[in-house]
Structure formats: structure tokens, C-alpha cells
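Residue numbers start from 1 in every chain, and the chains themselves are labelled A, B, ... in the order their sequence lines are given, proteins ahead of strands. Values in this document were obtained by computation on a predicted structure and should not be read as measured data.
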Amino acid sequence: MSELMKKNDKNLTQYRPVTDILEREDGFYIYMDLPGVEKEDLVIDLQEDELTVTGRTSYDAAEGENFTEMQFGNGEYRRTISLSDIVDRDRIKANLKNGVLELCLPRVEEVEPQRIQITQE
Amino acid sequence: MVLDFNTLYSPFDRFDKLFEDFLRPGFGGQRRLTYPPLNLSQDDDNIIVRAEIPGVAIDDIELTLTDKTLVIKGERKAEDGKYFRQERPAGVFHRVINLHVPVDRDRVEAAMKNGLLTVALPKTEEVKPRSISIQAE
């Protein structure tokens with residue numbers, strides 16, 4: 001089952017990128033290792049509670065090269081993370097640097113306590 | 001719970017992963033033992049070493065060339081914060097690559113792009129393949 005599902009039309013191997021999830025004072029941060037992925041080949045979708053990151057590597061075809069060792073190659077990265085209601089969906093920020101995607105997920109600002117006025121007639 | 005990890009801990013993912021490792025020779029198994037993963041190749045002029053080292057700037061990578069080896073050294077630093085999940089490797093890494101042919105030390109080039117380190121080591125003139133012209137009379 002898995003192998004069939006994990007091959008797409010281009011026959012790229014699919015990888016789950018290694019991911020760190022951590023919390024700081026201003027919110028949550030997700031770091032994903034996506035080496036070889038250009039910004040243009042990276043897609044981040046937010047659908048309801050599911051945040052999906054998809055990226056494709058574009059290493060040049062090494063023509064005329066003779067490989068003696070090959071421990072990585074072209075592939076597609078895909079990973080889905082579920083978000084809770086605490087995350088402010090409108091203020092999510094994403095930045096790609098040195099092959100690492102940083103997602104910043106701020107918390108929803110606390111709802112101000114409110115006193116309800118009573119009217120008397 | 002703040003972030004729901006159910007998709008990460010799904011038993012199916014683990015099952016898939018188990019098979020993936022078996023069905024993907026070359027990747028997977030070795031990948032975890034040595035860091036960073038390397039591709040080694042050569043063409044007529046160069047020996048080319050490629051390594052996936054995301055999150056490290058080129059200035060933080062130390063490349064040392066000795067007579068017969070190229071050493072890649074560096075450190076991946078963990079981010080500050082309260083971790084819910086940590087899969088990305090952190091710490092000092094160190095890989096030694098044996099070079100079987102002499103290289104031109106002064107013309108070695110290294111570049112880093114999107115987490116991919118590429119080092120091109122030109123072969124010295126003596127070991128380059130060359131065509132010998134045969135004169136027929």
C-alpha cells in the first residue's frame with residue numbers, strides 16, 4: 001500500500017522531513033529540514049486544522065559524472081501537522097533559509113474580559 | 001493540548017516507515033548512521049562531493065584538505081525553546097572522505113545553496129584522462 005501511494009507521477013521518492021516543534025513566549029515554532037528545495041518549489045497549505053508542507057528538490061542531473069556513493073537524491077518532501085485553536089491562523093509566517101523552513105505560529109490574542117451592561121426599564 | 005500530534009504518531013506512518021526503509025536500498029538505513037549524507041562522484045576533471053547540511057551557513061563549516069582526505073566538520077545548533085518534538089539532528093558532525101587521486105589544492109571550490117554543500121576538487125593534470133593521438137603513416 002505504502003509504496004504505491006508514495007509514488008507520484010514523476011516517480012519521486014517521498015520523504016517526511018525531520019521536524020522540530022517548539023514553544024517560545026510569542027508562540028509556536030516549527031522547523032523543517034528541506035535541503036535542496038527552492039522557495040518556488042515549496043507549497044504550504046492550510047486547510048481547516050491541517051497545515052501541509054510540500055516541497056520538491058531540484059538537484060541538477062549530474063551528466064558525465066560517475067557516482068561512487070549516493071546517500072541522497074531528488075525527492076518530494078511532505079508533512080502534515082494539525083494545529084489547535086490556540087494558533088492565530090492569520091498571522092502564520094514562513095521563512096526558508098539555508099534549506100530549513102521556519103514556521104512561526106503566534107497564539108491567538110487573549111479575548112479581553114468584558115462586563116455586560118444591564119439595562120433596567 | 002496545544003498542538004495535536006495525532007497525525008505524527010499515527011501507527012500507519014510507523015508501519016509505512018518500516019517498509020520504506022527496507023524497500024529503499026541506498027537511502028534510509030545508512031542515512032541514519034552517518035551525518036551528513038554524502039554523494040560522491042567524479043567526472044573527467046573534478047571529484048565532486050555533495051552533502052545535505054541544512055541550517056548551517058557555509059562560514060560555520062570547516063573544510064580541511066589533507067594529502068588523502070577531505071574532512072567536513074561543523075555543528076548544528078538546536079533552537080531555543082520548549083520542545084514538543086525534536087527530530088532534527090543537533091550537535092557536532094564530522095565526516096572524512098578518502099580521496100584516491102591527487103587534487104589541485106589551490107583550485108578547490110566550495111559552495112552552499114539551500115542546505116546543499118558542493119565541493120569541487122579538480123584533479124591534477126597528471127591523472128586526468130587524455131587522448132593520445134595516433135599517427136598513421
*Kindly indicate whether a cation-pi arrangement holds for A:Arg24 with A:Tyr29, taking the cut-offs as under 6.0 Å to the six-membered ring centre and within 45° of the axis.*
yes

I would like to know whether A:Asp20 and B:Arg88 meet salt bridge (charged side-chain N to carboxylate O under 4.0 Å, His left out); could you show each step before the answer?
CA-CA 6 Å; A:Asp20 287 355; B:Arg88 297 165 65 226; 3.4 Å; yes

The single option from A:Val37, A:Asp45, A:Thr80, A:Leu34 that satisfies side-chain contact (heavy atoms from CB on, under 4.5 Å) with A:Val53 is A:Leu34

Item checked: Distance-only donor-acceptor check, side chains A:Tyr59 and B:Arg50, under 3.5 Å -> no

Under a 4.5 Å heavy-atom criterion, the part of residues 54-62 of chain B in contact with chain A comprises B:Pro54, B:Gly55, B:Val56, B:Ala57

Whatever's closer than 4.5 Å to a heavy atom in chain A on B:Pro36 counts as backbone

(Q) Please verify the inter-ring angle class for A:Tyr15 with A:Tyr77; under 30° counts as parallel, over 60° as perpendicular, anything in between as tilted. (A) tilted

Whatever's closer than 4.5 Å to a heavy atom in chain B on A:Glu102 counts as neither

All N/O donor-acceptor pairs, side-chain side in residues 90-101 of chain A, below 3.5 Å, sequence neighbours left out:
residue, atom, partner, partner atom, Å
A:Arg91, NE, A:Asp88, OD2, 2.8
A:Arg91, NH2, A:Arg107, O, 3.1

From the list B:Ile48, B:Asp80, B:Ile53, the residue making the most non-hydrogen contacts under 4.5 Å with chain A is B:Asp80

*I would like to know whether A:Asp33 and B:Arg76 meet salt bridge (charged side-chain N to carboxylate O under 4.0 Å, His left out); could you show each step before the answer?*
CA-CA 12 Å; A:Asp33 279 358; B:Arg76 288 192 53 161; 2.9 Å; yes

